[in-house]
Protein chains: 2
Amino acid sequence: MNKYYTITELTREFGVSTRTLRFYEDEGLIQPERRGRTRLFRQADRRLIQEVLRGRRIGFTIAEIREIIQVYKDPPGEEGQLKLLMKRVDEKRADLRQKRKDIEDTLSELDNVEEACLTRLAEIGVST
Amino acid sequence: MNKYYTITELTREFGVSTRTLRFYEDEGLIQPERRGRTRLFRQADRRLIQEVLRGRRIGFTIAEIREIIQVYKDPPGEEGQLKLLMKRVDEKRADLRQKRKDIEDTLSELDNVEEACLTRLAEIGVST
DNA sequence: AACTACTTTTACGTAAAAGTCAATTTTGGC
DNA sequence: GCCAAAATTGACTTTTACGTAAAAGTAGTT
């Protein structure tokens, strides 16, 4: 049936505001259809939004997210462009690997914090 | 000899501006000593800066970074505080695990992008 | 002492990514 | 066909994390 989603359905699903989704449209990240002025979102839009939000959580800027999305829509056809893109992909990857390491380091640091808390609680005489 | 670092030494080492380090001081993340008005940074400050920057790369706000740092300096002594902190630590961890998953998903997506590029290049007749 | 290279403080500026508000439409249900 | 609820638009505001410029202090060198 190729269901349509309303904007508020999606804001509820993803926990973002309508303003945010409209902002993403202004930025060219999604292109919901229109019936009159009302936006109609399809599955494809829904998936794109998921991707945008994932990128956002990781800390990508809108511009970076747009760049990645573009590749799917319209992969560059010229050699120079392709090689440039591959270089950027490579940089991004290095970046993400660093971030993953940062996260792992921080996770084990948080483990330490938790242990310190437990120890302190035991000292005070609280049974956990 | 417990060497001191000047502000510009550290800006060079970490690739940040003097403004950034002074900002971190204003925000209470570091407390370099002073000789007259000039800041003198020690190893401890250096390590703190590393931690701050790691937090920054992950996407923590200054407030969040400060909160984590506080725990080392001055772990809370009261039960309620400790339990609250542990709850926060737990939330942070869930958050980081999500982020790690996001990163892994994005990494494999980037692999796809790269492959698409290679395929396209081969089509054009460029040997890589 | 003058020169050079940093450093400090104060204060205002800025970019990104929305949030907020108010004034219109538009729509779905009866 | 009417009306409350939902959606749209545009303008303005906010927050975070610094940038930037001006004016003056500081330290080592020649």
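This one's a predicted model, so the numbers in the text were calculated from it and none came from an experiment. Here is how names work: the chains are called A, B, and so on, in the same order as the sequence lines, proteins then strands, and each is numbered from 1.
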Q.
Restricting to salt bridge (charged side-chain N to carboxylate O under 4.0 Å, His left out), what partner residues turn up for A:Arg35, sequence neighbours left out?
A. none
Q.
Using a 4.0 Å cut-off on heavy atoms, which residues in residues 10-28 of chain B reach DNA chain D? List them by number, or say none.
A. B:Ser17, B:Arg19, B:Thr20, B:Phe23, B:Tyr24
Q) With sequence neighbours excluded, what pairs up with A:Glu51 under the side-chain hydrogen bond (donor to acceptor under 3.5 Å, both in side chains) test? A) none
Q: Identify, with sequence neighbours excluded, every residue that meets side-chain hydrogen bond (donor to acceptor under 3.5 Å, both in side chains) alongside A:Arg47.
A: none
Q: At the 4.0 Å heavy-atom cut-off to chain B, mark where contacts on DNA chain C begin and end, going 5' to 3'.
A: C:dC6 to C:dA11
Table please: side-chain donor-acceptor pairs of residues 81-89 of chain A below 3.5 Å, with sequence neighbours left out.
unit_1, atom_1, unit_2, atom_2, d
A:Lys83, NZ, A:Glu79, OE2, 3.3
A:Arg88, NE, A:Glu67, OE2, 2.4
A:Arg88, NH2, A:Glu67, OE2, 2.6

Q.
What residues from residues 47-60 of chain A pass a heavy-atom cutoff of under 4.0 Å to DNA chain D?
A. none
Q. Is A:Ile62 close to A:Tyr24 at the side-chain level, that is, under 4.5 Å between some pair of heavy atoms?
A. yes
(Q) Test of understanding: with side chain to side chain contact (heavy atoms under 4.5 Å, CB included), list the residues that count as partners of A:Thr6, not counting sequence neighbours. (A) A:Thr8, A:Glu9
Q.
Taking B:Asp111 first and then A:Arg93, would you say they form a salt bridge - that is, a charged N and a carboxylate O separated by under 4.0 Å?
A. yes
(Q) Among residues at least two apart in sequence or on other chains, which ones pass side-chain hydrogen bond (donor to acceptor under 3.5 Å, both in side chains) with B:Gln98? (A) B:Asp102
Q: Could you tell me whether the side chains of A:Arg42 and A:Tyr5 share a donor-acceptor contact shorter than 3.5 Å?
A: no
Q.
I need the residues from residues 34-41 of chain A with at least one non-hydrogen atom less than 4.0 Å from DNA chain C; give them sorted by number, or say none.
A. A:Arg35, A:Arg37, A:Thr38
Q) Tell me the salt bridge (Lys or Arg N to Asp or Glu O under 4.0 Å) pairs involving residues 13-22 of chain B, sequence neighbours left out? A) B:Glu13-B:Arg46
Q. Can a salt bridge be assigned to the pair B:Glu25 and B:Arg34 using a cut-off of 4.0 Å between side-chain N and carboxylate O?
A. yes
Q.
Test of understanding: with side-chain hydrogen bond (donor to acceptor under 3.5 Å, both in side chains), list the residues that count as partners of B:Glu123, not counting sequence neighbours.
A. B:Arg120
